[in-house]
2 protein chains.
Amino acid sequence: MPDSARAGEKTLAQDPEDMPADAGLVFIGHITTLWQDHHACPKSGTQAQDTCTVHLDPRYQDGLKSVESCSHLIILYWMHEARRDIIIQAPAFDSVTHGCFALRSPVRPNPVSLSVVELISVNGCTLKVRGLDCLDGTPLIDIKPYFPSNDSVPEATVGWHKQRSHPDRRSTDL
Amino acid sequence: MPDSARAGEKTLAQDPEDMPADAGLVFIGHITTLWQDHHACPKSGTQAQDTCTVHLDPRYQDGLKSVESCSHLIILYWMHEARRDIIIQAPAFDSVTHGCFALRSPVRPNPVSLSVVELISVNGCTLKVRGLDCLDGTPLIDIKPYFPSNDSVPEATVGWHKQRSHPDRRSTDL
């Protein structure tokens with residue numbers, strides 16, 4: 001993720017990081033991955049076929065009851081190294097800029113990311129999953145079951161993404 | 001949502017609401033729906049065919065650039081009226097209990113909910129969407145584009161849900 005805004009990018013007048021919080025999150029665990037920095041991360045979860053490990057704090061272990069019966073989960077995590085103030089962004093894979101709410105960039109007012117993962121195993125407080133693309137040590141916020149009736153929309157389209165000018169360029173922003 | 005734990009439910013030793021926050025969220029807007037209390041809410045987003053309105057705070061409006069090209073979005077919101085301490089729950093539609101991480105209940109350590117919605121229109125800071133089932137006035141946390149390549153898993157299964165004993169019972173917990 002960029003340390004400084006790129007050409008064409010726009011920052012907020014006030015950084016959400018410096019604003020009083022409206023609600024507080026507690027980290028309920030962390031995620032172990034193979035990736036120590038953003039350049040090493042896979043471009044997206046789809047490309048992340050390596051197994052990652054979700055470590056839930058033992059105080060929340062009861063919350064996993066029945067999770068083992070789910071084939072897929074939604075993992076919410078906190079992008080703790082992401083800036084929060086770049087509201088218009090210039091991803092490497094496009095020559096035009098986009099608003100943060102049209103991107104899956106970690107850089108956004110509330111850097112909560114989500115990944116749909118395949119559940120491989122549950123062992124105590126440890127979940128092995130496939131489909132995560134986050135940094136090693138990323139704080140965990142939530143685990144949810146994936147319901148295709150609500151969550152799966154195969155026909156969904158992202159117009160700007162189809163028309164992006166440099167689809168093969170690597171970006172850490174999507 | 002229950003004001004008190006039901007039979008078979010289990011609460012955490014320490015309520016996350018009373019713990020020091022590890023990260024702070026800023027509310028970036030709010031959601032207008034037809035539902036003033038939990039009993040009036042649709043059972044799930046799939047059943048919520050009424051149009052809801054997402055009001056983004058004008059200071060974040062630039063972030064909507066290119067959002068109009070998305071057919072579907074993921075909306076993250078804060079379930080501000082939900083308890084955070086019931087770790088094993090007894091939904092009305094089942095005779096057995098489940099952990100909060102196997103449920104889409106708003107009651108969880110971090111009451112961040114997400115809905116996949118169809119985008120109907122964007123007008124300034126106002127988005128009309130279909131597929132939300134939250135309370136009127138719910139605080140908005142984030143808007144993300146829905147990428148079927150990452151987010152759509154039609155074949156996903158939730159084992160416990162298929163076997164639930166009272167599938168027709170209304171519950172505000174899913």
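Note on naming: letters A, B, ... go to the chains in the order of the sequence lines (proteins, then strands), and numbering restarts at 1 for each one. Note that these values count all heavy atoms, side chains included, but never hydrogens, waters or copies made by symmetry.
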Legend entry - OG1-CG distance between A:Thr11 and B:Asp62, expressed to the nearest 0.5 angstrom: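 If we round to the nearest 0.5 Å, A:Thr11:OG1 and B:Asp62:CG are 10.0 Å apart.
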Inset, instruction - To the nearest 0.5 Å, tell me how far A:Ser66 OG sits from B:Ile88 CD1. - result: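 Taking OG in A:Ser66 and CD1 in B:Ile88, the distance rounds to 8.5 Å.
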Shortest non-hydrogen contact between [X] and [Y], atoms and distance:
X	Y	result
A:Pro145	B:Leu103	CD-O, 3.4 Å
B:Pro148	A:Val153	CB-O, 3.7 Å
B:Val112	A:Leu25	CG2-CD2, 4.0 Å

Counting heavy-atom pairs under 4.5 Å to chain B, which of [options] comes out on top?
options	result
A:Gly24, A:Cys100, A:Gly63, A:Pro109	A:Gly63
A:Leu119, A:Val158, A:Val26, A:Val116	A:Val26
A:Pro139, A:Gly159, A:Ser152	A:Ser152

Inset, instruction - Evaluate side chain to side chain contact (heavy atoms under 4.5 Å, CB included) for A:Asn110 paired with B:Ile28, printing each intermediate quantity in order. - result: CA-CA 9 Å; A:Asn110 291 304; B:Ile28 61 169; 3.9 Å; yes
Listed pairs under 3.5 Å, donor-acceptor, residues 12-23 of chain B side chains, sequence neighbours left out:
residue : atom : partner : partner atom : Å
B:Asp15 : OD1  : B:Glu17 : N            : 2.9
B:Glu17 : OE1  : B:Arg84 : NH1          : 3.2
B:Asp22 : OD2  : A:Phe27 : N            : 2.7

Inset, instruction - Write out, in numerical order, the residues from residues 69-76 of chain A with a heavy atom short of 4.5 Å from a heavy atom in chain B. - result: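 So the qualifying residues are A:Ser69, A:Cys70, A:Ser71, A:His72, A:Ile74, A:Leu76.
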Legend entry - Verify same cluster id: B:Leu64, A:Ile87 (apolar side-chain graph, 4.5 Å):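 Result: yes, single cluster for both.
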Inset, instruction - Using the rule that two of Ile, Leu, Val, Met, Phe, Trp, Tyr join whenever any of their side-chain heavy atoms come within less than 4.5 Å, decide whether A:Val54 and A:Trp78 are in one cluster. - result: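 Not linked; separate clusters.
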Inset, instruction - Report yes or no: does A:Tyr146 contribute a side-chain atom to a donor-acceptor pair with the main-chain N or O of B:Asp151 at less than 3.5 Å? - result: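 It does hold such a pair.
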Inset, instruction - Step by step, work out the side chain to side chain contact (heavy atoms under 4.5 Å, CB included) result for A:Phe101 and B:Asp142. - result: CA-CA 7 Å; A:Phe101 303 127; B:Asp142 200 8; 3.6 Å; yes
Legend entry - Residue, of B:Val67, B:Ile143, B:Leu114, B:Leu56, that accumulates the most heavy atom pairs under 4.5 Å with chain A: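 Answer, by heavy-atom pair count under 4.5 Å with chain A: B:Ile143.
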Inset, instruction - Against chain A, work out which of B:Gln61, B:Lys65, B:Glu68 has the most heavy-atom pairs shorter than 4.5 Å and name it. - result: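 Going by pairs under 4.5 Å, I would pick B:Lys65.
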Inset, instruction - Heavy-atom distances under 4.5 Å only: say whether A:Arg108 touches chain B with side chain, backbone, both or neither. - result: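 For A:Arg108, the side chain is the part near chain B, not the backbone.
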Inset, instruction - Measure A:Ile141 against the heavy atoms of chain B and call it side chain, backbone, both or neither at under 4.5 Å. - result: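 Both parts, backbone and side chain.
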Legend entry - ILVMFWY cluster membership beyond A:Val96 - transitive side-chain contacts under 4.5 angstrom: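 Members alongside A:Val96: none; it stands by itself.
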Legend entry - B:Lys144, part contacting chain A, at a heavy-atom distance under 4.5 Å: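 For B:Lys144, heavy atoms of backbone and side chain both lie under 4.5 Å from chain A.
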Legend entry - Qualifying residues under ring pair (Phe, Tyr, Trp, His ring centres under 6.0 Å), relative to A:His80, sequence neighbours excluded: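 Listed in chain order: nothing, the list is empty.
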